[in-house]
Trainee: 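First the structure, then my questions, so here it is.
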Amino acid sequence: MSMTHAAWRLRRSSPSGEEGNLLVVVIFTVVILFFGIAFTVRAQGDLHNSGIVSNTNAARAVALAGLSDALFRIDQQGTNNSSFCVGNAVQCTVPSVPGAPGAQYAAKYLGQTGDFSILSEGTVHNRSYTIQATIAQVPSFPFGIFAGSGVTFDGSGSSITLALTQPDGSQTGLADVGSDGTITCHGSGTFGQNQVTFDGGNSNCPAWINESNSFTPQQPVSSCPAPV
């Protein structure tokens, strides 16, 4: 009887051990699943943040492309300046920027100074970046008279007024007189806005400025490449 009873007790203990092993496997699986979900969520978050940074940088590059396109169009307008825009708005005459369809901008002319206020926006994957800039058009050659070896103004009490043409075509202010040599002024009047010499001198000039370098402007040419 005792051997039969012991065998019965041994058979009863075996299922209990299997249930314990199964519980350990379930707990281990749940732990692995938990860490897997946590890792996936963290990876997705990192990928999302990386995508935001990447798209924002790309949108900034597109906005800069819009600003560059605005500068090109302003430069091509010459003296016929006006406000204009590029983008999806109804009043924009051009729908997109070549090579950067996600860019749109508005260029507002600020008046006779030749300045423009430009607002450019680039959008990449619903991420936008905006740039605001004020562009000033400065005359590249502010001289009404430029002499290579020197220039002399004769006449007691005389003055010379040199009009400076603004980018919009208006003539306001005074142009400069320039020379690589000496500028000589006879009289008590004005001789341009400034008398600018490049490593040169002056004699009795009312608004003399000396630049410590040389300046040798070239005659305009119609062929390429132009001389340096």
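Note that the numbering runs from 1 along the sequence shown for the chain.
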Trainee: Which residues satisfy the side chain to side chain contact (heavy atoms under 4.5 Å, CB included) test with Asn194, sequence neighbours excluded?
Mentor: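 Asn194 satisfies side chain to side chain contact (heavy atoms under 4.5 Å, CB included) with Asp176, Val196, Ala207, Ile209 once adjacent residues are dropped.
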
Trainee: Following the transitive rule for hydrophobic clusters with a side-chain heavy-atom cut-off under 4.5 Å over Ile, Leu, Val, Met, Phe, Trp and Tyr, establish whether Ile131 and Phe116 coincide in one cluster.
Mentor: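 Linked, Ile131 and Phe116 end up in one cluster.
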
Trainee: Sequence neighbours left out, cut at 3.5 Å: what donor-acceptor pairs do the side chains of residues 55-69 make with other protein atoms?
Mentor:
| unit_1 | atom_1 | unit_2 | atom_2 | d |
| --- | --- | --- | --- | --- |
| Asn55 | OD1 | His125 | ND1 | 3.3 |
| Asn55 | ND2 | Gly51 | O | 3.1 |
| Thr56 | OG1 | Ile52 | O | 2.7 |
| Asn57 | ND2 | Val53 | O | 3.3 |
| Asp69 | OD2 | Arg73 | NE | 2.6 |
| Asp69 | OD2 | Arg73 | NH2 | 3.3 |
| Asp69 | OD2 | Tyr105 | OH | 2.6 |

Trainee: Taking ring pair (Phe, Tyr, Trp, His ring centres under 6.0 Å) as the definition, give me every residue that meets it alongside Phe198, ordered by chain and number, with sequence neighbours left out.
Mentor: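 Partners of Phe198 under the ring pair (Phe, Tyr, Trp, His ring centres under 6.0 Å) test: Phe215.
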
Trainee: Looking only at heavy atoms, what is the nearest atom pair of Ser149 and Ser179, with distance?
Mentor: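 Taking every non-hydrogen atom into account, C-OG, 4.0 Å.
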
Trainee: So, using side chain to side chain contact (heavy atoms under 4.5 Å, CB included) as the criterion, who are the partners of Pro95 when residues are at least two apart?
Mentor: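 With neighbours one apart ignored, the set is empty.
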
Trainee: Find out if a path of hydrophobic residues (ILVMFWY) with successive side-chain heavy-atom gaps under 4.5 Å connects Ile118 to Val97.
Mentor: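 Yes, it is one cluster - the side chains of Ile118 and Val97 are joined through contacts under 4.5 Å.
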
Trainee: Any link between Val86 and Tyr129 through a network of hydrophobic side chains (Ile, Leu, Val, Met, Phe, Trp, Tyr) touching at under 4.5 Å?
Mentor: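 Yes, Val86 and Tyr129 fall within the same hydrophobic cluster.
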
Trainee: Asp180 side chain to Gly200 main-chain N or O, any donor-acceptor pair under 3.5 Å?
Mentor: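 Checked: no pair found.
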
Trainee: Side-chain heavy atoms nearer than 4.5 Å, only ILVMFWY residues, links allowed to pass through others: does that put Leu71 and Tyr109 together?
Mentor: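 Same cluster.
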
Trainee: Report yes if some heavy atom in the side chain of Phe84 is under 4.5 Å from a heavy atom in the side chain of Ile74; otherwise report no.
Mentor: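 Side-chain contact under 4.5 Å: yes.
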
Trainee: Can you name the nearest heavy-atom pair linking Cys205 to Asn202, along with the distance?
Mentor: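 That would be N-OD1, 3.3 Å.
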
Trainee: Does the side-chain contact (heavy atoms from CB on, under 4.5 Å) test come out yes or no for Thr130 and Leu119, once each step is laid out?
Mentor: CA-CA 7 Å; Thr130 304; Leu119 188 65; 3.6 Å; yes

Trainee: Could you list the residues that satisfy side chain to side chain contact (heavy atoms under 4.5 Å, CB included) with Thr123, not counting sequence neighbours?
Mentor: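 Partners of Thr123 by the side chain to side chain contact (heavy atoms under 4.5 Å, CB included) criterion, ordered by chain and then number, come out as Glu121, Ser128.
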
Trainee: Using side chain to side chain contact (heavy atoms under 4.5 Å, CB included) as the criterion, list what pairs up with Asn204, not counting sequence neighbours.
Mentor: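 Checked Asn204 against side chain to side chain contact (heavy atoms under 4.5 Å, CB included); zero matches.
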
Trainee: What is the distance from atom OG1 of Thr134 to atom NZ of Lys108, rounded to the nearest 0.5 Å?
Mentor: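 Interatomic distance, Thr134 OG1 to Lys108 NZ, rounded to 0.5 Å: 11.0 Å.
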
Trainee: Once side-chain hydrogen bond (donor to acceptor under 3.5 Å, both in side chains) is applied, do any residues pair with Ser120, and if so which ones, sequence neighbours excluded?
Mentor: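 Residues passing side-chain hydrogen bond (donor to acceptor under 3.5 Å, both in side chains) with Ser120: none at all.
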
Trainee: If you look at every heavy atom in Phe191 and Pro206, which pair is closest and at what distance?
Mentor: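 Shortest heavy-atom contact: CD1-CD, 3.9 Å.
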
Trainee: State, to 0.1 Å, how close Cys85 and Gln91 come at their nearest heavy-atom pair, and which atoms those are.
Mentor: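 Residues Cys85 and Gln91, closest heavy atoms: SG-CG, 3.9 Å.
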
Trainee: Does Gln104 form a side-chain contact (heavy atoms from CB on, under 4.5 Å) with Cys92? I'd like the steps, not just the answer.
Mentor: CA-CA 9 Å; Gln104 54 185 347; Cys92 297; over 6 Å; no

